[in-house]
2 protein chains.
Amino acid sequence: MSRSATIQAPVQPRWLDEQEQLAWRSYLAASRAIEEAIQGQLQRDADIPHIYYEILVRLSEAPDRMLRMSDLAERSLSSRSRLSHAVSRLEERGWITRRACPDDGRGMLASLTEQGMAAVVKIAPGHVNAVREQIFDRLTSEQVKALQEIGEAIAGGPANF
Amino acid sequence: MSRSATIQAPVQPRWLDEQEQLAWRSYLAASRAIEEAIQGQLQRDADIPHIYYEILVRLSEAPDRMLRMSDLAERSLSSRSRLSHAVSRLEERGWITRRACPDDGRGMLASLTEQGMAAVVKIAPGHVNAVREQIFDRLTSEQVKALQEIGEAIAGGPANF
DNA sequence: ATGAAATACTTTAGCGTTCAACTACCTTCT
DNA sequence: AGAAGGTAGTTGAACGCTAAAGTATTTCAT
């Protein structure tokens with residue numbers, strides 16, 4: 001509304017340069033290969049999706065193997081809705097139980113059962129092996145360090161889990 | 001059955017060391033953040049999933065904007081089944097058409113329609129912008145180079161697209 | 001030439017995810 | 001105290017993906 005000059009957002013986007021293009025496409029190929037390998041291994045060996053495994057692991061690391069749903073959602077990098085569905089499935093397997101949160105009438109606590117813990121212990125070696133084969137066996141230690149730093153730059157700080 | 005000593009695969013897996021653990025978790029957080037941002041942008045602005053966009057772009061880059069299904073599947077990093085479903089949806093939108101392959105009675109050719117090409121042109125700027133915001137604005141050029149090399153190491157060679 | 005195996009693609013069913021709507025509870029403001 | 005708005009979590013519908021099975025065609029071996 002004022003007479004002051006306004007700077008328009010450019011209609012032409014800043015396209016990726018060649019180096020960025022290469023990096024983006026190789027990242028895409030790599031990340032899909034990783035997900036496919038990890039997901040496939042977990043599906044074959046434990047009949048669960050990757051994210052379900054992450055949920056179990058985050059719970060296994062928590063004090064008393066128990067967390068608020070929203071806290072667990074954050075740590076396992078999933079939406080609340082996704083977590084809610086996932087926990088329902090894991091509950092059916094007897095790996096997790098839900099209980100009301102004493103402090104907060106709205107809250108729910110998810111806790112890992114003994115059976116669930118046993119499942120994590122059983123599944124973990126194959127999973128770690130897949131991660132190693134797919135990633136760390138293929139990288140120098142400098143690249144591993146670089147990967148960490150790149151990840152933190154993109155995710156906005158160190159992983160909080 | 002022989003008397004020769006056999007070397008057992010170790011029961012104990014080689015766990016990730018601390019550096020690897022950090023790198024893996026920051027990678028996970030970053031890759032999920034990237035997918036979420038890209039997927040969200042495309043879903044909001046064009047009502048298609050990320051992979052559908054990749055399919056359209058690969059087609060747009062091909063000679064005559066036309067490719068064999070299996071070729072397109074490879075270039076867009078998806079399974080044949082997934083591609084088949086995806087192309088069906090994109091056909092319903094009028095962005096792709098299928099025709100029989102003259103050389104090979106089993107084959108099908110997917111080709112981008114004018115409408116489909118127009119959609120790519122329209123969608124691309126927002127997509128590139130999201131990629132830039134999520135990745136390249138946060139990395140130094142050394143990190144971009146490192147990302148490319150790490151990606152290639154994991155994906156097994158430069159991206160073939 | 002002919003049968004067997006491989007390739008190309010599709011289809012169906014089951015499952016996980018997203019999005020929006022919904023319930024319940026808590027907090028804050030007046 | 002009471003209303004308004006925020007937070008926690010769940011649910012149902014729509015949709016995309018996976019795995020397995022199915023069809024059609026081509027290639028290969030004999």
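Below, read A as the first sequence line, B as the second, and so on, with proteins coming before strands; counting in each chain starts at 1. Source: prediction; values computed, not measured. When reading the values below, keep in mind they use all heavy atoms of this one structure, side chains included, and skip hydrogens, waters and symmetry mates.
Following rounding to the nearest Å, A:Gln39 (CD) and C:dG16 (C1') show an atom-to-atom distance of 9 Å. One atom, CZ of B:Arg44, and another, P of C:dA20, lie 11 Å apart when rounded to the nearest Å. Put simply, CG on A:Asp104 is 7 Å from P on D:dG9, counting in whole angstrom units. Between the CE atom of B:Met69 and the P atom of C:dT11 there is a distance of 10 Å, rounded to whole Å. Atoms CD (B:Gln43) and C1' (D:dG16) sit 10 Å apart, rounded to a whole Å. Atom pair B:Glu35:CD and C:dT17:P shows a separation of 14 Å (rounding to whole Å applied).
Heavy-atom distances to DNA chain C give each of A:Ala86 and A:Asp103 a nearest nucleotide, and the one nearer the 5′ end belongs to A:Ala86.
The nucleotide whose nearest atom lies closest to any side-chain atom of A:Ser79 is, among D:dT10, C:dC9, C:dT18, C:dT18.
Within 3.5 Å, no donor on the side chain of B:Ser81 pairs with an acceptor on the base of C:dT10, nor the reverse. Residue A:Arg106 places a side-chain atom within donor-acceptor reach of the base of D:dT7, judged by atom type and a 3.5 Å distance cut-off alone. Below the 3.5 angstrom threshold, one finds a donor paired with an acceptor across the side chain of A:His85 and the base of D:dG12.
Salt bridge A:Glu35/A:Arg32: absent, no basic N to carboxylate O contact under 4.0 Å.
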